[in-house]
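Below, chains carry the letters A, B, ... as their sequence lines are ordered, and counting in each starts from 1. Just so we're clear, the structure is a prediction, and the values are computed from it rather than from any experiment.
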Amino acid sequence: MEKIQVKLPEGKIIEVASGQKIQEVASSQGINSNVIAAKLDGAPVDLDRALSRDCSLDWISMNSPEGVDILRHSTAHLMAQAVQSLFPGTQVTIGPTIEDGFYYDFRREKSFAPEEIEKIEARMRELATLDLKVTREDMPREKAIGLFRGLGEEYKVEILREIPEETVSLYRQGDWLDLCRGPHVSSTGVIRAFKLTGVAGAYWRGDEKNEMLQRIYGTSWPTEEALREHLRLLEEAKKRDHRRLGKELGLFMVSDAIGPGLPLWLPKGAIVRSILERYIVDLERSLGYQHVYTPQLARVELYQRSGHWDHFKDNMYPPMLFEDKEELVLRPMNCPHHIMMYQHELHSYRDLPLRIAELGTMYRYERSGVLSGLSRVRAMTLNDAHIFCTPEQIQSEAVGVLRLIEQVYRDFGFTDYWHRLSLRDPKDRAKFVDSDAMWDNAESCLRHALSEVGVVYKEALGEAAYYGPKIDVQLNDVLGHGETVSTVQLDFYLPERFGLEYVDTDGQRKRPVMIHRGVVSTMERMMAFLIEHYAGNFPLWLAPVQVKVMTVTDQQKEYAQKVFEDLTRGGWRAQLDDRNEKLGYKIRQVQGERVPYAVVIGDREVRDQTVSPRRRGGEQLKPMSLKEFNDLLRLEVANKISHQQSAGS
RNA sequence: GCCACCCUAGCUCAGUCGGUAGAGCAGCUGAUUCGUAAUCAGCAGGUCGCCGGUUCGAAUCCGGCGGGUGGCUCCA
């Protein structure tokens, strides 16, 4: 028999008989059972694949990202097999892996009831126990189309029609088969630690004009421990959910009577918000921004002129018509108002860059299904600013904004974020306004700005807005999910639409560039993010209540009152708990309220004229004078220190 | 907007087969005077989201509406 040479991962070269399967090579090399697939000359393949020529092999362990992805994909297949065996007539469509799991979309008249999901999961376990061999089969595409048509799988037929290759691959396990590129695990017994996590409707091909399919979500892991750990993390994340903490800590509320997506900021939430607002306004003023106030209504013509009416109408509240005269709309953006301010007088190049900023309250009609707590609302206040500048100033202005963002993130302790530079797709000329020269200049300005600030970034071709390129800063939340928080967007379009001008050194009137930028996003979204980021444990400078003074018994009421008053006079947000309750009870409560400091006043403190501070989380400081305590607090606020601690109970 | 699920005291939740509602915490009253995550006792608290239907009888079954949750779609 013909021999071939196989290069193993460690560099060793062995000779095997042609036609030998990768699985056999693995066994002969004593490769452990965590290997669920292999790379043949760099391409992922099944262990079942037979070797026919000289090649190099690499193992894919299910503990690697690539391996777990294969495992999840195979689990999706297992689920589809279970579904089709339990519910004949259900058609399969697509079943990809996603972060931490997988889903499969089915076509079925009825949706899946919770009991049915349990049955599916139980059947999956049966099928896994049977340890069915998973085998691959290549087939001419036309033959596969015939096969799936025969099975009544119209969606697979549709998918097959769009595959350019003449040969496609099928995977069989038991009497079930699916069209799939692979690779897959070698048998269903490899799949052990999985759980179905949800059902949802999903449009075929993601288009809401198409019919709705039934999607089942699941997750799958190499070991039971990994699965349990994943589920535990989800539970942890739930405890940090800003909607839950917002209610628990009395930060905000929503009322049916007022309307969905229209949150109310309760006193404690309002304190955090006002600190946040003062912080960003002060910072921006120090950097040359001019803060303004403008109304939340405008004539509909303003938005027709800006182009928002055409592009954004679906997200705007309908116009209010007053006595058949003027039509007013709630503004969905602030830029036109700021543009009016710019146009209010003639500008010289000496005025530029002009940075107009506002905590701009605006209203957007979000579809009911997308509303969520404070992170997706219909009334919001944006940390907005529009920089009017010359094309030459773009880079330095962008650098300024990026540095501002860096500083703010440092102050809030955000470390997990990245920059995305969204560029035009030069091939897609219809989508992007203005000239190539303008775009080239703008894009290179942003690129240079990013490297000047020294941040790493990813470029996203074709992701630019139609009016200009932009930089988005993606902040990852506790679960690692990215969210655009800060953004720097160049705009050539609005200056054109409104005919903005400035008088240049040569006396000529020229067109300025606009930069839309947001740093702390909307107050609503930032609040949601901060709650989750700190798990409700706001650092001292942000905490709605900073210090709770508590007595051990009624004997210390008088001194405690004095301490409380001193702290309040000193500008601290303090509360007094002199109720006739046991200290342990008060401590438990203050910990639940996530107040950063409790100061305990007992007989000893009265005698020595001291306070005994206790940090949230349990750290007890030694008794100290009120002055020492004040200094401690002051230092902590000045440095925006956030004491690390667990999420708490 | 679409699909599924959920809505019971201020909060978290129980409520069997359709027979008119229950706990813990919080609140109030009293006792207790206590040193770093729950002192004890008593009291009070409800249009079971809303509207309609079935039924002798509905928190429970059916329909509609509202709100929420998870997805889909959308997200300048």
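A:Y365 has no side-chain polar atom (N or O) that falls below the 4.0 Å cut-off from OP1 or OP2 of B:C75. Contact check, A:R614 against B:A37: a side-chain N or O comes under 4.0 Å of OP1 or OP2. The phosphate of B:U36 (OP1 or OP2) has no side-chain N or O of A:K582 nearer than 4.0 angstrom. Taking only side-chain nitrogens and oxygens, A:S111 comes nearer than 4.0 Å to OP1 or OP2 of B:A4.
Pairing partner, B:G22: B:C13, with both Watson-Crick or wobble hydrogen-bond distances short of 3.5 Å. Of all nucleotides present, only B:G71 satisfies the Watson-Crick or G-U wobble test against B:C2, with each distance under 3.5 Å. Partner assigned to B:C61 is B:G53, using Watson-Crick or G-U wobble distances below 3.5 angstrom. The nucleotide B:G35 finds no pairing partner, because no Watson-Crick or G-U wobble arrangement with both distances shorter than 3.5 Å includes it. Base-pair partner of B:A41: B:U29 (Watson-Crick or G-U wobble, both distances under 3.5 Å).
Residue-level contact check: A:D256 touches the backbone only, with heavy atoms under 4.0 Å from sugar-phosphate atoms and none from bases. Among the atoms of the strands shown, base atoms are found under 4.0 Å from some heavy atom of A:D603.
Side-chain atoms of A:R367 come within donor-acceptor range of the base of B:U73, with a qualifying N/O pair under 3.5 Å.
In this model, a donor atom of one side chain and an acceptor atom of the other lie less than 3.5 Å apart for A:T294 and A:E358. Side-chain atoms of A:R517 and A:Y289 include a donor-acceptor pair closer than 3.5 Å.
Comparing the P positions of B:C65 and B:A26 gives a spacing of 41 Å, expressed to the nearest Å. The C1' atoms of B:G18 and B:C61 are separated by 8 Å, rounded to the nearest whole Å. Nucleotides B:U16 and B:U20 have their P atoms positioned 12 Å apart, rounded to a whole Å. Between the C1' atoms of B:A59 and B:C17, the separation comes to 15 Å (whole Å).
Nearest heavy atom pair, residue A:H338 against residue A:H386, reads ND1-ND1, 2.8 Å.
Aromatic ring orientation, A:H308 versus A:Y303: tilted (interplanar angle from 30° to 60°). A:Y467 and A:H516 have tilted rings, their planes meeting at an angle from 30° to 60° on a 0 to 90° scale. In this pair, A:Y597 and A:F629 present their aromatic rings perpendicular. The plane angle is above 60°, beyond the 30 to 60° band.
Distance from the side chain of A:Y467 is smallest to B:A76 among B:A76, B:U73, B:U39. The listed nucleotides are B:U39, B:A76, B:C5; the one nearest the side chain of A:F312 is B:A76.
Where A:D207 and A:S612 each meet RNA chain B at their nearest nucleotide, the meeting point lying more 5' is that of A:S612.
Rounded to an integer number of Å, the gap from A:K586 NZ to B:A26 P is 15 Å.
Atom CD of A:Q343 is surrounded by more than 12 heavy atoms from other residues, nucleotides or ligands within 6.0 Å.
A salt bridge is defined here as a Lys NZ or Arg NE, NH1 or NH2 lying under 4.0 Å from an Asp or Glu carboxylate O, and A:E236 with A:R240 fails to meet this definition.
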Would you tabulate the pairs of protein nitrogen or oxygen atoms and nucleotide nitrogen or oxygen atoms of nucleotides 70-72 of chain B closer than 3.5 angstrom?
| from | atom 1 | to | atom 2 | distance (Å) |
| --- | --- | --- | --- | --- |
| B:G70 | OP1 | A:R243 | NH1 | 3.4 |
| B:G70 | OP1 | A:R243 | NH2 | 2.7 |
| B:G70 | OP2 | A:R243 | NH1 | 3.2 |
| B:G71 | O3' | A:Y217 | OH | 2.9 |
| B:G71 | O2' | A:Y217 | OH | 2.9 |
| B:G71 | N2 | A:G201 | O | 3.3 |
| B:C72 | O4' | A:G201 | O | 3.2 |
| B:C72 | O2' | A:Y203 | N | 3.1 |

